[in-house]
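First comes the structure, then the notes that go with it.
Just so we're clear, the structure is a prediction, and the values are computed from it rather than from any experiment. Note: hydrogens, waters and symmetry copies are ignored here, and every other heavy atom, side chains too, is used.
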Number of protein chains: 2
Amino acid sequence: MVAAPSSQLDLVFAALADPTRRAILARLAQGEATVNDLVAPFDLAQPTISKHLKVLEGAGLVSRGRSAQFRPVRLEAGPLAGVDQWIGGYRQFWAQSHDRLEAYVKTLQAEETSRDAPQDD
Amino acid sequence: MVAAPSSQLDLVFAALADPTRRAILARLAQGEATVNDLVAPFDLAQPTISKHLKVLEGAGLVSRGRSAQFRPVRLEAGPLAGVDQWIGGYRQFWAQSHDRLEAYVKTLQAEETSRDAPQDD
DNA sequence: CCTTAATATAGCCAATTAGCAATATAGCTA
DNA sequence: TAGCTATATTGCTAATTGGCTATATTAAGG
């Protein structure tokens, strides 16, 4: 077992890479839920959902309570703030590519008048 | 192999889950680079980096040019805008308890920044 | 042409992962 | 206590992944 300790971002991005887990988060955005609540909408076995929950918990994206034999799951958005922060460092780059795209569209429109545009891709 | 077509978000999150790939993006935030440029800072073999680049390209996060025997790699931030939008749906959940969160975010950013934040200076 | 440089591809391995069914545990309730 | 319900754990499999070395490809330059 050589495994370097995964950083928080590693765990969070990995957790978010699975559509089932994102759907679970979406459900939790509407409020706390039991495991069975979370199983219901999917065509997946209960242990499978429990496993997904463990991954989400490991990433800090959910926390568990205890109420009788229920272990309510609730959304913890903290790590998403971390992702948001990380992404913030790149915001300028998609603003910029948007500008480039706009410029490109303008070019196409300009060439439209001269009816002879070469394909350059 | 029944594999449902991974959504863009699946691919992007999965690509971002690896610290080497995030570091590559951080490097590309400073400008186009050749594969060798990207190999240099890591203690990884060139084919390993090429594989990472293929993952990033599959997610739409980088694109490749061609110039002699070089295949310059450049950042494509578009997909990050998609992530930003997805995350936007959860912003309210951390806005609520901003105070407690601030320290937490600072902590994990401190951990990550040195490793793979884009340099914007 | 032949060599060198930049990159890609192939093939291998170990670790991880998403899924399942079966079973165990924990806490009500009768 | 017994039984029922909610959830966790175990143990399996197939697929995927990150790493490597060795080799192939592509383009420049002598």
(request) Output the single nucleotide from C:dT7, D:dA27, D:dA8 whose closest atom is nearest the side chain of B:Arg66. (result) D:dA27
(request) Provide, to the nearest angstrom, the distance between the CD atom belonging to B:Gln69 and the P atom belonging to D:dA27. (result) 9 Å
(message) With a 4.5 Å cut-off on side-chain heavy atoms, are A:Leu25 and A:Val62 touching?
(response) yes
(message) Side chain of B:Ser50, heavy atoms from C-beta onward: which of D:dT26, C:dA8, D:dA6 has the nearest atom to it?
(response) C:dA8
(request) Ignoring backbone atoms, establish whether B:Arg64 has a side-chain N or O less than 4.0 Å from OP1 or OP2 of C:dA8. (result) yes
(request) Can you tell me the distance, in whole Å, between the CZ atom of B:Phe42 and the P atom of D:dC20? (result) 12 Å
(message) Measuring to OP1 and OP2 of C:dT7, would you say a side-chain N or O of B:Lys54 lies under 4.0 angstrom away?
(response) no
(request) Take the protein atom CZ of B:Arg71 and the nucleotide atom C1' of D:dT26, then report the distance between them rounded to whole Å. (result) 9 Å
(request) Could you run through nucleotides 17-23 of chain C and give me one letter per nucleotide, 5' to 3': B if any protein heavy atom sits under 4.0 Å from the base, S if only the sugar-phosphate is that close, - if neither? (result) -BBBBB-
(message) Would you say that A:Glu32 contacts A:Ser67 through its side chain, given a criterion of any heavy-atom pair below 4.5 Å between the two side chains?
(response) no
(request) Drop me the distance from B:Leu38's CG to B:Ile24's CD1, to the nearest 0.5 angstrom. (result) 5.5 Å
(request) Quickly work out the A:Asp10 CG to C:dT16 P distance and round it to whole Å. (result) 13 Å
(message) Counting C-beta onward and ignoring hydrogens, is there a side-chain heavy-atom pair between A:Leu9 and A:Val83 closer than 4.5 Å?
(response) yes
(message) Are A:Arg27 and A:Val73 packed together at the side-chain level, in the sense that at least one heavy-atom pair is separated by less than 4.5 angstrom?
(response) no
(request) Return no unless some side-chain N or O of A:Asn36 is found under 4.0 Å from OP1 or OP2 of D:dT5. (result) no
(request) Please list, chain by chain and in numerical order, all residues satisfying ring pair (Phe, Tyr, Trp, His ring centres under 6.0 Å) with B:Tyr90, sequence neighbours excluded. (result) B:Trp86
